[in-house]
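One structure is given here, and the rest of the page talks about it.
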Amino acid sequence: MRKAVVNAMPEPTWNRLKINDITVSLPDAPGNADGCGDPSVTALGSAFCAAVSDTVSISGGFSDIQLGNGETKGTVISAEKYGVSEVTEYICAEGNCALRTFADIPEGARVKLVQVIEGSQGTELLNDVGVKAADGARFEITQIFLGGSRTVSGVYAELDGYRSELECRIGYTVGKDELLDINNIVIHKGKRSRSETDVKGVLSDNAVKTFRGTIDLRNGASGAKGAENEDVLLIGETAVNNTVPVILCTEEDVEGSHGASIGRLPDDVLYYMTARGIPLEKANGIIAAARLESLIRGTGDEQAAERALKALAERSSDAVL
Amino acid sequence: MSELLKITDLRISADEKEILHGVSLAVNMGETHVIMGPNGAGKSTLGSAVMGSPEYTVTGGNITFLGEDITGETPDKRAKRGIFLSFQNPVEIPGITLASFLRSAYEQITGERIKLFEFRKKLKASMEVLDMDPAYADRELNVGFSGGEKKKAEILQLLVLRPKLAILDETDSGLDVDAVKTVSAGIKAYKETTDGSLLIITHNTKILDSLSVDRVHLIADGRIAAEGGAELIGDITENGFGKYIGQVAE
Amino acid sequence: MKEKTQVADVDRAFYDFRFDEDESDFLGTGLTPEMIGEISAEKNDPEWMRKFRLHSLEVYRKLEMPQWGPDISGLDMDNIVTYIRPKKRMQSDWDSVPDDIKQTFEKLGIPQAERESLAGVGAQYDSELVYHNVRKEVAESGVVYTDLESAMHDERYAEMIRSHFMKLVPPTDHKFAALHGAVWSGGSFVYVPDGVRLEIPLQSYFRLNARSAGQFEHTLIIVGENAYLHFIEGCSAPKYYEAGLHAGCVELFVGRNSTLRYSTIENWSKNMYNLNTKRATVAENGRVEWVSGSFGSHVSYLYPMSILNGRGARAEFTGITFAGEGQDLDTGTKIVHNAPETSSYVNTRSISKSGGISTFRSSVVVNENAVGSKSAVSCESLMLDSISRSDTIPAMVIKTDKADVGHEARIGRISDEAVFYLMSRGLDENSAKALIVSGFADTVSKELPLEYAAEMNNLINIEMKGSIG
């Protein structure tokens, strides 16, 4: 087992805050690590990419992925020009394991990736998604994180092409003794490229979550627009939330924005619910579950949604959520 | 009568698409002209092009003002010559008050410095004509103004800057009856105090009631479809654009 | 016009301590305890300060350079002594002041005598009269406003200074704080007693050049309970030093129910590395208000920090940064919520032009005990061309569920539509853009006293027109 620093911010900030990156264990996968796609297109880092083996290529469909201790898996999503590839990955992880998904999306193609990630106690899962998008290419990703002791994940999207697009939706619930560390990086190189990242989550008990989201508007990407938002609901007294929404910009003709809102449910919402007879502690849980539910249903994959909702319900019954 | 504005065979494109396909018209000093036509005909484009909007590219023809070719001039130079455009949707400029903005525009156009106190007096007088709350002078330029307030603020600038030619782009649209009255009073005051020329872009005739119109140009599909005296207004009000647009299509 | 007054001579004193050896003997060796000892002797430091300087030197030697932020490799750390004691005499003569600075003085309409004073080359501008008047009024209210070095020797304040000096920004904070601790010189001491609300702002401007104000100055302000103070630091005229390092330190102690407003327009000359540390601690229901404008310097690291230690304490930060050609300005703020029901409001604007790099960097930390706290951060950046750079790097670390934290940031450009509108009213393109930028900067200028706001607008106009036209 080797230690590695992953999920580094493209531009670091004060070391004292301890949010610039995270140190993890890289699983020692059996056999030769063959990497997975372009090793520079990664959110976790090239050291991580080099450790991935067992790479397959798929063009669509539902994958039930069970990862055990020491296992790694790579997926390359292939897509035709102007074609559509829809991939759903339902990931159940145990022990120290890693997963990487890569796509080089050609002109006019659309790749849709849904990932539901269920970790368990003692898991350290590393999950990396790297994508390049050509002219008119579109990448849609939905990630649902349903717990696990340590989940370290990232999406790196390089919007190279004219009018290339990223739509990223992330939902998470992080509970007792759990850690979630996310590093999202969107590079706008293509003119009129668009990105929209929307992150919603709930932290309960003593959960720890870090979200780094970088929008990098490169010189030449005129007309590009990047937007990012994170909405965090805190319902754990000792939960720790780290949010670092970064915009880097070297082009004049662009629009970039980010927003973050972190806190409790607004008093009027809680009041309304208690006035309708719902106890306060339940009210938080209901709203929290509702946030993820709508995202899960929105994936459009019924099989995955059903399983995810079940997993969510199991979590809800034994904790606040 | 001496010629103020002359547009000759003007062709205008935006985003590589031609919007005006060769338009000619002339406005003499002191005259009031009206440009009418259906939505999307190119009326506003014509007004913006005379002001020199960077959104449009002149692909043919020219514009002269008092005999000088201004086709390639930047908007500020045109403003200094005495051209004014009342915008349909004036932009909001946060952080700059209406008064301080208008004072610097005044100084730019007239080329003379004006004392704050003196300018305030001038501004106040014009605001009274428009029945504007004096508090607006210290509000940020157009920020949070309602549609009607923005239009009034445009006419206020017209009264203070006293241009030779005022192009009013849909100044009456979206206004209630009272506001149209106030704005009309402002336009009338401009006419009376400056003897400037007016080029009014509209598809509503109410604003014209108190003005004596010299000439009407009907634009349809990027071309002049018909021209005539004030009597054309009545005709269009009654019968619509239909028969004139038909002529263009032929 | 190169008449030297007594003040100018005193000013030079620090840089004049005697080394009879050939200068090159020590230039290559960095800072030594002996040299620090010389500074202490020169300044007649009390014993504790002498030790403090030496301790800081030890810390300085151990600490690493920052691993993030703008490139400061241009700073010659091996020869740090050259910044402390420039080889060429500082404030030598008017001819050696760079042209762009002279022009700026001219554009700002500053009289020649004052220009020379600001550039540190000539006689002190005759603001003594004004200063005395201010001092009289201030003294009558019971407020102490004096220079830190002589206050250390005044038995009324000695203990107060000793118990506060670099307690908020310890030398261990970072390498340049340690350097400051070792070589600090000049600066202000302000003490506002309980219950005193000083209506007129205190301006460090009056003290400029009084005693080697400049590169390593220390500002210590202690505000008692139920008191009010507005302190204004610096002015819009560019400050020029041949040796391009500024490592000042500001420590503010705000007592219960008191408000301290601290306004700064920094406009260092464009050869400066500005590594300034500013920090405030705020007691129960107290309030600190920072107004901060960063214009000059080659590189800046500047993040005034507010530590909200008392229940209900509040911090406001309003800042603007304008990075032009050759400038890399990394600015922002740090907020720590350390008590219940504390609140913080951050509102910043940054502008990048002609290849300048502007970075907004912030951190908001809400600790476990800061229940019921609120924080709102809003930052907007403007890119004026595509050879410049603008980065926004905010961090939020929230450790309690009973907090509300909001953040919004936006980056964009001046819309063509707005420029056309203004040009159609007779403004040329540069003026139109300058006006829009002034408007963009309005959140800051309206927080400044009128004459400072006007000066800031002048600065923006100079920066806007300087290289476009």
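Residue numbers begin at 1 in each chain, while the letters A, B, ... track the order of the sequences.
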Q | Check: A:Glu11 and C:Trp68 side chains under 4.5 Å, non-hydrogen atoms | A | no
Q.
I'd like to verify something: which residue of A:Leu234, A:Leu17, A:Asp216, A:Val232 has the highest number of heavy-atom pairs under 4.5 Å with chain C?
A. A:Leu234
Q) Side chain, backbone, both or neither: which part of C:Ser388 has an atom under 4.5 Å from a heavy atom of chain A? A) backbone
(Q) Quick check for you: to the nearest 0.5 Å, what is the distance between A:Arg218 atom CZ and C:Ser386 atom OG? (A) 14.0 Å
Q) If you count heavy-atom pairs under 4.5 Å between each of A:Val240, A:Asn229, A:Ile247, A:Asn242 and chain C, which one has the most? A) A:Ile247
Q: Give, as side chain, backbone, both or neither, the part of C:Leu384 having an atom under 4.5 angstrom from any heavy atom of chain A.
A: backbone
Q. Given that the side chain runs from C-beta out, which part of C:Lys334 has a heavy atom under 4.5 Å from chain A: side chain, backbone, both or neither?
A. side chain
Q) Under a 4.5 Å cut-off applied to non-hydrogen side-chain atoms, are A:Asp253 and C:Arg413 in contact? A) yes
Q. Is a side-chain donor or acceptor of A:Asn219 paired with a backbone partner of C:Ile387 at a separation under 3.5 angstrom?
A. no
**Q.** Contact check, side chains of A:Arg264 and C:Asp404, non-hydrogen atoms, under 4.5 Å
**A.** yes
Q.
Taking atom CD as the centre, does C:Glu417 end up with more than 12 heavy-atom neighbours from other residues, nucleotides or ligands that are less than 6.0 angstrom away?
A. no
Q) With chain C, which of A:Leu217, A:Asn241, A:Thr210, A:Thr238 has the greatest number of heavy-atom pairs at distances under 4.5 Å? A) A:Asn241
Q | Heavy-atom proximity to chain A below 4.5 Å, by part of C:Val377 | A | neither
Q: Return yes if some donor-acceptor pair links the side-chain N/O of C:Ser390 with the main-chain N/O of A:Cys249 below 3.5 Å, else return no.
A: no
Q) chain C heavy atoms under 4.5 Å from A:Arg16: which part of the residue, side chain, backbone, both or neither? A) side chain
Q. In terms of heavy-atom pairs under 4.5 Å, which option from C:Arg410, C:Lys399, C:Glu408, C:Arg361 contacts chain A the most?
A. C:Arg361
Q) A:Thr243, A:Val244, A:Val246: which one forms the most heavy-atom pairs within less than 4.5 Å of chain C? A) A:Thr243
**Q.** NZ/C:Lys175: more than 12 non-hydrogen atoms of other groups inside 6.0 Å
**A.** yes
Q | Side chain proximity check, A:Pro245 to C:Met396, heavy atoms < 4.5 angstrom | A | yes
Q) In terms of heavy-atom contacts, does CD of A:Glu196 have more than 12 from other residues, nucleotides or ligands at under 6.0 Å? A) no
Q.
How about NZ on C:Lys402, more than 12 heavy atoms from neighbouring residues, nucleotides or ligands closer than 6.0 Å, or not?
A. yes
Q.
Once ring pair (Phe, Tyr, Trp, His ring centres under 6.0 Å) is applied, what residue pairs with a partner in residues 340-367 of chain C remain, sequence neighbours excluded?
A. none
(Q) Using every non-hydrogen atom in the two residues, find where A:Pro12 and C:Gln67 come nearest and quote the distance to one decimal. (A) CG-O, 4.4 Å
Q) Looking at C:Ile411, C:Ile398, C:Asp401, which makes the most heavy-atom pairs under 4.5 Å with chain A? A) C:Asp401
Q. Tell me, side chain or backbone of C:Ser362 under 4.5 Å from chain A's heavy atoms, or both, or neither?
A. backbone
Q | Contacting moiety of C:Ala403, where chain A heavy atoms sit under 4.5 Å | A | backbone
Q) Hey, is NZ on C:Lys167 packed in by over 12 heavy atoms from elsewhere, all under 6.0 Å? A) yes
Q. Who among A:Gly263, A:Ala260, A:Gly259, A:Ser257 has the most heavy-atom pairs with chain C under 4.5 Å?
A. A:Ala260
Q: Any ring pair (Phe, Tyr, Trp, His ring centres under 6.0 Å) involving residues 395-414 of chain C? Give me the pairs, sequence neighbours left out, ordered by first then second residue.
A: A:His258-C:His407
Q: Check whether any side-chain heavy atom of C:Arg389 lies under 4.5 Å from a side-chain heavy atom of A:Leu248, and answer yes or no.
A: yes
